[in-house]
Amino acid sequence: MLAVPEVGLQGLYSGSSPERSPVPSPPGSPRTQESCGIAPLTPSQSPKPEARAPQQAPFSVVVAIDFGTTSSGYAFSFASDPEAIHMMRKWEGGDPGVAHQKTPTCLLLTPEGAFHSFGYTARDYYHDLDPEEARDWLYFEKFKMKIHSATDLTLKTQLEAVNGKKMPALEVFAHALRFFKEHALQELRDQCPSLPEKDTVRWVLTVPAIWKQPAKQFMREAAYLAGLVSREDAEQLLIALEPEAASVYCRKLRLHQLVDLSSRAPGSGRLGERRSIDSSFRQAREQLRRSRHSRTFLVESGVGELWAEMQAGDRYVVADCGGGTVDLTVHQLEQPHGTLKELYKASGGPCGAVGVDLAFEQLLGRIFGEDFIATFKRQRPAAWVDLTIAFEARKRTAGPHRAGALNISLPFSFIDFYRKQRGHNVETALRRSSVNFVKWSSQGMLRMSCEAMNDLFQPTVSGIIQHIEALLERPEVQGVKLLFLVGGFAESAVLQHAVQAALGARGLRVVVPHDVGLTILKGAVLFGQAPGVVRVRRSPLTYGVGVLNRFVAGRHPPDKLLVRDGRRWCTDVFERFVAAEQSVALGEEVLRSYCPARPGQRRVLINLYCCAAEDARFITDPGVRKCGALSLELEPAEGGPHAADAPPSRREIRTAMQFGDTEIKVTAVDVSTNRSVRAAIDFLSN
């Protein structure tokens, strides 16, 4: 059976000579506006995917940028010593008592839109601006989540600064990435002056695993604009999935670098007060002494002691709890090289630490009025940032067993602005409010009980636990006994206690690395040195194209029948490349061959469709949507002056798509010349 891609009125030719009639889409088809101008040479039943070893580009150093919702940073390692990870220089500024090996994800632009500063420097400078002057400056914070939440993300998507002014999101992200690029390269030059400039660095950018392809492509486009790499050297940039990076790092850890939450002392609140995981695995260690060969090969493969205690084939969950999202992945440890296999597609949702900040903002709205909070944020943006900083400092001290109340400073600008707007002071507002667990202290601060603070955490923490529990119900995850809790929000004692209380009863061992906030960053460096460590992934969606197949009565719906030149075709058939939740190995290829529809055709466009279901039959089925386009740029046909007039079926373009990497990739070859054809998939032009 021949599968003919559906096109516009220009029509196509199939690759078999008896089927050379043009086969246009019927009027009203979703594709009548766009012509892909191709014809497949392969039958609708796909050839068996081929696996091809990914080729590694030469590089001297890997620099990973962990671009987080609330904080960001970079780290690097040299190819000559890949596991010696160098953290970035500590940032100037910061808050007392808070480690600052990362810097806040805050960007400050001048009123003209030019870059001014990033991180602590941006935050502190904005803080010191006169309130009236600050209204003209563009200050962006926690803007990464806008890319996740945008349903129609394009290269023209806008971001709103704190003062309400808008700017292209691509430029905002490029400013931030350029800042890290310049800092990292300067530090590399200082450490290694002889390091060559060109083709030296492999860059790695971290993104949540639950991000869809448009968001990943957006980050790559921002990296191009920032000058990290050029489009011609695209392989010098890797996109790393955050929970995967954490998994890669955790597999290198020794037992004393981990904390088992199930063995913590009652009432303890800080990570350092809990007992090490060593004793928890002592019994397993004794058992494995009887099988020293298994332990030896794992250690020689470069995995840490914890993994040596695990049997090959053991499975575990990584829960990356960050500022914006909770990101879950399930991995299985493989012999003989300690590689990783994903057992279930990435899951999670927007349940990050910013949810606690939003709950605090809603609390202020209940006390002072939602309209006042909105006006204050708009007219006193710098003072609002001061208030969020004060809350962040107290949020970090919250714990399930804390006894004393928490004081949160209100900026003078807030107190003064409220009195002018409302005609009475904030103390009066608190007395009149129905919120009885927040008082006004004699020191001029909001005084919040610990129970009230913990209540602010509950919606977000409950959402995280629900996502984990839903994952544990999946058949692919049955029997998992180990969960790594990582990410910046995983530093929270409130979250740690809640996760252990909810999941410990299920027999799940919850483990936290000591450097939990840097786990993803360090893992991204290791991933950049050896991206093949995750050998198998699960496709999050079903991908394919719309085609015409021969109509079969009784099998195809009558409304899909198209008759052309006496031939009966079924329109809108969804030809699947890969199914949702299908295991796909790294380097595994899905092959398709096409030929141009017209002599001299220079460009081919093929619409791609996706859905969450595995069994969609037509591109018009509920849940199936157009998600991107595959483009092929063709050189003029060779073979003399009459080559361009040769039948189009004789020019075969063979495409190879890979779904087993962190991004969907495509390559193409002109079979007649064996030359590469420029091929790309665009997910941002819908």
Peer 1: What residues form a salt bridge (charged side-chain N to carboxylate O under 4.0 Å, His left out) with Arg378, not counting sequence neighbours?
Peer 2: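 Listed in chain order: nothing, the list is empty.
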Peer 1: Within the distance-only criterion (no hydrogens, no angle test), does the side chain of Thr662 pair as donor or acceptor with the backbone N or O of Ile239 below 3.5 angstrom?
Peer 2: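 Pair found, side chain donor or acceptor close to backbone of Ile239.
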Peer 1: Ring centres under 6.0 Å, that's the criterion: do Tyr125 and His116 meet it?
Peer 2: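 Ring-ring flag for Tyr125/His116: true, centres closer than 6.0 Å.
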Peer 1: With sequence neighbours excluded, what pairs up with Glu361 under the salt bridge (charged side-chain N to carboxylate O under 4.0 Å, His left out) test?
Peer 2: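 Checked Glu361 against salt bridge (charged side-chain N to carboxylate O under 4.0 Å, His left out); matches are Lys377.
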Peer 1: I'd like to check the side chain to side chain contact (heavy atoms under 4.5 Å, CB included) partners of Pro540; sequence neighbours left out, ordered by chain and number.
Peer 2: none
Peer 1: Side chains of residues 456-470: which donor-acceptor pairs under 3.5 Å do they make with residues two or more places apart or in other chains?
Peer 2:
{"residue": "Gln458", "atom": "NE2", "partner": "Asn454", "partner atom": "O", "Å": "3.1"}
{"residue": "Ser462", "atom": "OG", "partner": "Gln458", "partner atom": "O", "Å": "2.9"}

Peer 1: Could you tell me whether Glu160 and Lys146 have a side-chain N and a carboxylate O separated by less than 4.0 Å?
Peer 2: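 No, this pair does not count.
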Peer 1: Got a sec, which residues hit side chain to side chain contact (heavy atoms under 4.5 Å, CB included) with Ala64, two or more places apart in sequence or on another chain?
Peer 2: Val204, Leu521, Ala524, Val525
Peer 1: Students often mix this up, so state it plainly: with edges at 30° and 60°, are the rings of His86 and Phe76 parallel, tilted or perpendicular?
Peer 2: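 The rings of His86 and Phe76 lie parallel, inter-plane angle below 30°.
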Peer 1: Ignoring hydrogens and geometry, is there a side-chain-to-backbone donor-acceptor pair from Asn163 to Trp137 under 3.5 Å?
Peer 2: yes
Peer 1: Could you check whether Gln421 and Thr375, counting side-chain N and O atoms only, form a donor-acceptor pair closer than 3.5 Å?
Peer 2: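 No - no donor-acceptor pair under 3.5 Å links their side chains.
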Peer 1: I'd like to know if the side chain of Lys144 and the backbone of Phe67 have a donor-acceptor N/O pair within less than 3.5 Å.
Peer 2: yes
Peer 1: Do any N or O atoms from the side chain of Thr105 and from the backbone of Ser71 form a donor-acceptor pair under 3.5 angstrom?
Peer 2: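 Yes; judged by distance alone, with no hydrogens or angles, the pair exists.
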Peer 1: Anything under 30° is parallel, anything over 60° is perpendicular, the rest tilted; go ahead and classify Phe372 against Phe376.
Peer 2: parallel
Peer 1: Side chain to side chain contact (heavy atoms under 4.5 Å, CB included) with Val385: which residues, sequence neighbours excluded?
Peer 2: Arg123, Tyr126, Tyr139, Glu141, Thr388, Ile389
Peer 1: Under 3.5 Å, which donor-acceptor pairs link side chains of residues 128-136 to any protein atom two or more places apart or in another chain?
Peer 2:
{"residue": "Asp130", "atom": "OD2", "partner": "Glu132", "partner atom": "N", "Å": "3.0"}
{"residue": "Glu132", "atom": "OE1", "partner": "Arg135", "partner atom": "NH1", "Å": "3.3"}

Peer 1: Would you give me the side-chain donor-acceptor pairs under 3.5 Å for residues 322-329, sequence neighbours excluded?
Peer 2:
{"residue": "Asp327", "atom": "OD1", "partner": "Ala209", "partner atom": "N", "Å": "3.4"}
{"residue": "Asp327", "atom": "OD1", "partner": "Ile210", "partner atom": "N", "Å": "3.2"}
{"residue": "Asp327", "atom": "OD2", "partner": "Ala209", "partner atom": "N", "Å": "2.4"}
{"residue": "Thr329", "atom": "OG1", "partner": "Glu342", "partner atom": "OE2", "Å": "3.3"}

Peer 1: Listing request: all ring pair (Phe, Tyr, Trp, His ring centres under 6.0 Å) pairs with a residue in residues 345-370, at least two apart in sequence or in separate chains.
Peer 2: Phe360-Phe391, Phe368-Phe414, Phe368-Tyr418
Peer 1: Distance-only, no hydrogens or angles: does the Arg366 side chain make a donor-acceptor pair with backbone N or O of Ser434 under 3.5 Å?
Peer 2: no
Peer 1: Listed by chain and number, what are the salt bridge (charged side-chain N to carboxylate O under 4.0 Å, His left out) partners of Asp416, not counting sequence neighbours?
Peer 2: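 Expected list: Arg419, Lys420.
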Peer 1: Listed by chain and number, what are the salt bridge (charged side-chain N to carboxylate O under 4.0 Å, His left out) partners of Arg402, not counting sequence neighbours?
Peer 2: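 In terms of salt bridge (charged side-chain N to carboxylate O under 4.0 Å, His left out), with neighbours along the sequence ignored, Arg402 is linked to no residue.
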Peer 1: Phe115 pairs by side-chain contact (heavy atoms from CB on, under 4.5 Å) with which of His175, Glu171, Arg178?
Peer 2: His175
Peer 1: Given salt bridge (charged side-chain N to carboxylate O under 4.0 Å, His left out), test Lys395 with Asp357 step by step and report yes or no.
Peer 2: CA-CA 9 Å; Lys395 182 176 76 174; Asp357 303 336; 2.9 Å; yes
Peer 1: Kindly say whether Tyr120 contributes a backbone atom to a donor-acceptor pair with the side chain of Thr103 at under 3.5 angstrom?
Peer 2: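 Yes: the side chain of Thr103 pairs with the backbone of Tyr120.
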Peer 1: Identify, with sequence neighbours excluded, every residue that meets side chain to side chain contact (heavy atoms under 4.5 Å, CB included) alongside Lys212.
Peer 2: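 Once residues adjacent in sequence are excluded, the partners of Lys212 under the side chain to side chain contact (heavy atoms under 4.5 Å, CB included) criterion are Pro214, Arg625.
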